[in-house]
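In what follows, a structure is listed as structure tokens, so that the remarks can point back to it.
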Number of protein chains: 2
Amino acid sequence: MNHIFFLSTSPEILVEELNTHLNKNIILILGLCHSEFDGRIKSTLNSSDRFLIVKNDGTIILHDPIGLKPIQWQKPGAGPIKFLLTNKNELKMETFRLKTNENFSITFQEIHSALAYNTVLENRFASVFGDEKDFITFLAKNPERMEEGLTIIATEKETEVGYIDILAMDRSGNTVIIEVKKQQATPADAFQLQRYFNNLKLIYSTKLRGILVANSVPKRVRRQLFKYNLEYCEIPWQEIFPTLTRLSLNLKTVNLNDFF
Amino acid sequence: MNHIFFLSTSPEILVEELNTHLNKNIILILGLCHSEFDGRIKSTLNSSDRFLIVKNDGTIILHDPIGLKPIQWQKPGAGPIKFLLTNKNELKMETFRLKTNENFSITFQEIHSALAYNTVLENRFASVFGDEKDFITFLAKNPERMEEGLTIIATEKETEVGYIDILAMDRSGNTVIIEVKKQQATPADAFQLQRYFNNLKLIYSTKLRGILVANSVPKRVRRQLFKYNLEYCEIPWQEIFPTLTRLSLNLKTVNLNDFF
DNA sequence: GTATGCATCTCGGGA
DNA sequence: TCCCGAGGTGCATAC
């Protein structure tokens with residue numbers, strides 16, 4: 001059973017209500033507010049109609065009428081959050097995070113609407129398919145997509161300068177460093193490969209190759225790779241992975257049919 | 001004047017109401033839902049109590065009861081968004097972004113609460129102090145914080161391999177490349193400096209130094225820098241800048257340049 | 001429009 | 001805990 005609590009828009013009443021709901025029920029407040037965050041950065045907002053969410057884990061999210069990212073926020077785990085009345089009888093939220101010395105305060109000059117609610121059914125499981133790890137797994141199982149005759153040695157191999165996505169060996173016995181990017185390659189990606197290459201070159205001398213695998217590789221990045229004797233391989237993962245998910249979904253159906 | 005519209009929790013009525021509010025008023029729905037995003041990645045959520053925001057610019061934000069980041073979302077500018085009834089009489093939201101071939105749908109098995117509101121006062125101005133640019137400005141005015149006798153030559157200097165944060169000259173006439181990070185340095189930051197260094201080495205030969213300025217520099221990054229004859233300088237910007245903001249607030253009438 | 005780099009990045013994994 | 005790198009990164013800015 002879920003409960004919604006419609007709260008008062010009068011600050012004096014609301015502040016009491018909020019302090020009973022805080023950390024127990026999720027709080028939503030719509031109103032005219034100004035605010036200030038002072039910590040890792042100092043950010044000041046003038047009066048405007050905004051929308052505040054306060055979750056039970058201490059998450060604070062302040063939204064403007066447009067845009068995906070909140071205009072100000074606080075990560076979970078900071079607290080304690082305090083609701084109080086200013087000497088002008090305005091509702092004020094305050095919080096302070098000791099570790100990072102962060103202050104966050106919001107003052108509501110007007111409350112348009114406020115409510116609290118609790119959730120009973122919380123199923124936080126999310127299945128995700130198609131991230132870089134899935135791409136690496138796919139490539140490790142299908143190395144011929146990159147080059148014939150590749151043998152996978154390791155994935156996520158740790159080195160002094162970072163983790164190498166895939167380490168392989170080619171037909172000619174060269175060790176091959178493979179850096180994988182789901183998206184279009186950037187100059188920074190090429191430098192990342194170069195970083196691994198330079199580090200392992202000290203060990204493998206000339207028997208070493210480096211390949212940047214990406215959804216696409218712009219000319220600028222190709223030239224850069226060429227300059228350092230590195231290679232690239234374009235594999236359109238963004239086209240491949242939807243096909244794979246459908247295949248896996250089809251297989252799941254077959255398994256279910258076996259049960260009936 | 002601001003308006004709050006409390007909407008029906010009956011799907012049949014709600015779907016009509018939502019289609020009148022869509023793109024005009026911000027919509028909030030609390031309910032039990034499952035959902036799927038299929039585009040750059042495939043993400044599936046099982047039934048759980050969640051909280052949906054639909055803004056007028058097409059932003060869609062779906063929040064779990066905990067956590068800062070939405071569990072699923074859509075950036076502004078995609079649309080069109082559609083609300084409809086499934087054959088089970090459930091409220092369903094659908095949207096499709098042609099350009100990136102992204103599908104996003106949310107199905108509510110139960111509506112706990114729904115409302116819409118419009119905002120009149122929208123003052124989106126936010127003042128921010130303390131980002132990397134401010135750090136660079138501070139260092140350019142206080143080069144002795146990094147090293148005695150430094151003369152600033154340029155900031156944001158463009159090169160073939162990117163922008164150099166600060167270019168300076170030391171007492172001995174060496175050109176100094178300075179890469180600035182507000183936060184803890186990462187191996188990638190060290191390599192970025194190395195990029196600039198290698199590029200300018202062709203011009204300045206041995207009369208060139210590189211310094212990574214950061215809030216802190218982990219040992220592994222120090223070793224990496226040392227290996228390539230690069231240097232680092234730890235400056236706790238996170239401690240310095242709140243002092244600066246307070247000074248500037250107290251002394252607005254005084255010439256700030258006196259302090260820098 | 002694309003390219004580039006910062007971000008109060010956030011988040012999760014691994015040592 | 002710190003460190004490290006991916007992200008449906010988002011987002012502003014420069015071109």
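Below, all heavy atoms of this structure are taken into account, side chains as well, without hydrogens, waters or symmetry copies. A, B, ... follow the sequence lines: proteins, then strands. Residue 1 opens every chain. What you see is a predicted model, and the numbers here were worked out from it, not measured in a lab.
- Judged as a side-chain contact (heavy atoms from CB on, under 4.5 Å), and not counting sequence neighbours, the contacts of B/N56 are B/I26.
- With sequence neighbours excluded, the residues forming a side-chain contact (heavy atoms from CB on, under 4.5 Å) with A/Y163 are A/E156, A/E158, listed by chain and number.
- Evaluation of the side-chain hydrogen bond (donor to acceptor under 3.5 Å, both in side chains) rule for B/S43 yields B/Q72 as partners, not counting sequence neighbours.
- Legend: residues meeting side-chain contact (heavy atoms from CB on, under 4.5 Å) with B/K133, ordered by chain and number and at least two apart, are B/D131.
- For A/T44, the side-chain hydrogen bond (donor to acceptor under 3.5 Å, both in side chains) criterion is met by no residue, not counting sequence neighbours.
- Contacts between residues 51-65 of chain A and DNA chain D, defined by a heavy-atom separation below 4.0 Å, involve no residue at all.
- For A/F135, the ring-ring contact (aromatic ring centres under 6.0 Å, His included) criterion is met by A/W237, not counting sequence neighbours.
- Nucleotides C/dT4 and D/dG8, compared at atom P, are 22 Å apart to the nearest Å.
- Residues passing the side-chain contact (heavy atoms from CB on, under 4.5 Å) test with B/T175 are B/L167, B/M169, B/Y204, B/L208, sequence neighbours excluded.
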Would you mind building the protein contact string for nucleotides 5-12 of chain C? One character per nucleotide, 5' to 3', B for base within reach (heavy atoms under 4.0 Å), S for sugar-phosphate only, - for untouched.
SSSBSSS-

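- Extent of DNA chain D lying under 4.0 Å from chain B heavy atoms, first and last nucleotide in 5' to 3' order, is D/dC3 to D/dG10.
- Pairs engaging residues 221-233 of chain B under the side chain to side chain donor-acceptor pair (under 3.5 Å) rule: A/E160-B/R223, B/R209-B/E231, B/R222-B/Y232, B/R222-B/E234 [sequence neighbours left out].
- Within the structure, salt bridge (charged side-chain N to carboxylate O under 4.0 Å, His left out) contacts touching residues 183-199 of chain B (residues at least two apart or in different chains) are B/K181-B/D189.
- Judged purely by atom type and a 3.5 angstrom limit, A/K55 uses its side chain to pair as donor or acceptor with the backbone of B/G67.
- In terms of position on DNA chain D, the residue among B/E158 and A/P70 whose nearest nucleotide sits closer to the 5' end is A/P70.
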